[in-house]
Amino acid sequence: MGMAVRISRAVLEAIISDASTTPTVERCGLLLGSADHVTAWLSVANVHPEPDQHFELDPATLIAVERAARQGHGPGVAGHYHSHPKGSAVPSLADAEAAAPDGRLWLMTAQGECRLWRSVAAMPLANDGTGALWLSRFVEEEIDVTD
């Protein structure tokens, strides 16, 4: 575990609620704030052609939010969240393959649970047969829930 990341109870509850609105499709969005303090969230359209199994943040929204932050008109993008309707709140192989080693936060939610991961500089993906591929791409972070 790295550093604890502060996230308000209201933000976590809103993300869990957002994820539950489409129980068969992955919901996704942005975590706004800094590397150690998520201050807000923004639901973003999942534009992946197979949204029941994958997510892809709408690039136009992502670009707009990042541009606004650079210009001082809003919080920075600390990472993103997505739901696993059929799985658990741990990274999938698809998540590991998609993760850039940029230190951004990946909040995953499934069955009302949230777990937080940070993408890290990683070894090349190699299938060792154990299913632990994602371990080389993510470290789990503690969530410091604030009121």
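Along the sequence shown, the residues carry numbers beginning at 1.
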Review point. What distance do Leu30 atom CG and Thr61 atom OG1 have between them, rounded to the nearest 0.5 Å?
Key: 8.0 Å
Review point. Hey, any chance Ile16 and Ile7 share a hydrophobic cluster, counting ILVMFWY side chains that come within less than 4.5 Å of each other, even indirectly?
Key: no
Point to revise | N/O donor-acceptor pair under 3.5 Å between Arg118 side chain and Gly103 backbone | key: yes
Point to revise | Short side-chain donor-acceptor distance under 3.5 Å, His82 and Asn46 | key: no
Exercise for review: Please name the pair of heavy atoms, one in Ser17 and one in Ser20, separated by the smallest distance, quoted to 0.1 Å.
Suggested key: O-OG, 2.7 Å
**Study point:** Closest non-hydrogen atom pair between Leu57 and Cys28, with its separation
**Key:** CD2-SG, 3.8 Å
**Study point:** Non-hydrogen side-chain atoms of Val5 and Asp144 separated by less than 4.5 Å
**Key:** no
Exercise for review: Indicate, with yes or no, if Val25 and Leu42 share a hydrophobic cluster defined by side-chain heavy-atom contacts under 4.5 Å among Ile, Leu, Val, Met, Phe, Trp and Tyr.
Suggested key: no
**Study point:** Side-chain touch Ser43/Arg27, heavy atoms, less than 4.5 angstrom
**Key:** yes
Check your understanding: Between Trp41 and Asp18, does a side-chain contact (heavy atoms from CB on, under 4.5 Å) hold up when you go through it step by step?
Key -> CA-CA 11 Å; Trp41 68 286; Asp18 180 64; 4.0 Å; yes
Revision key, fill the gap. Distance col, row Leu12:CG vs Thr109:OG1, nearest 0.5 angstrom, shows 9.0 Å
Review point. What's the verdict on side-chain contact (heavy atoms from CB on, under 4.5 Å) for Leu32 and Val38, showing C-alpha distance, side-chain angles and the deciding distance?
Key: CA-CA 6 Å; Leu32 305 174; Val38 174; 5.9 Å; no
Exercise for review: Look up atom CD in Glu141 and atom CZ in Arg115, then write down how far apart they are to the nearest 0.5 Å.
Suggested key: 12.5 Å
Review point. So how far is it from Glu26 CD to Lys86 NZ, rounded to the nearest 0.5 Å?
Key: 8.0 Å
Check your understanding: Looking only at atom types and distance, does a side-chain atom of Asp95 sit under 3.5 Å from a main-chain N or O of Ser92, one as donor and one as acceptor?
Key -> yes
**Study point:** Leu107 CG to Leu116 CG distance, which is reported to the nearest 0.5 Å
**Key:** 5.5 Å
Study note, to complete from the structure: Between Gln111 and His84 the two heavy atoms that sit nearest each other are NE2-O, 4.5 Å
Practice item. Specify the closest pair of heavy atoms between Gly87 and Ala110, including all atoms of both residues, with the distance to one decimal. Key: O-CB, 3.3 Å
**Study point:** Atom pair CG/NE2 of Leu31 and His80 - distance to nearest 0.5 Å
**Key:** 8.0 Å
Point to revise | Between Ser8 and Asp147, a side-chain donor and acceptor under 3.5 Å | key: no
Exercise for review: Kindly give the heavy-atom pair with the smallest separation between Pro91 and Trp117, and that separation in Å.
Suggested key: CD-CE2, 3.4 Å
Review point. For the residue pair Ala100 and Ser119, what are the closest heavy atoms and their distance?
Key: O-OG, 2.9 Å
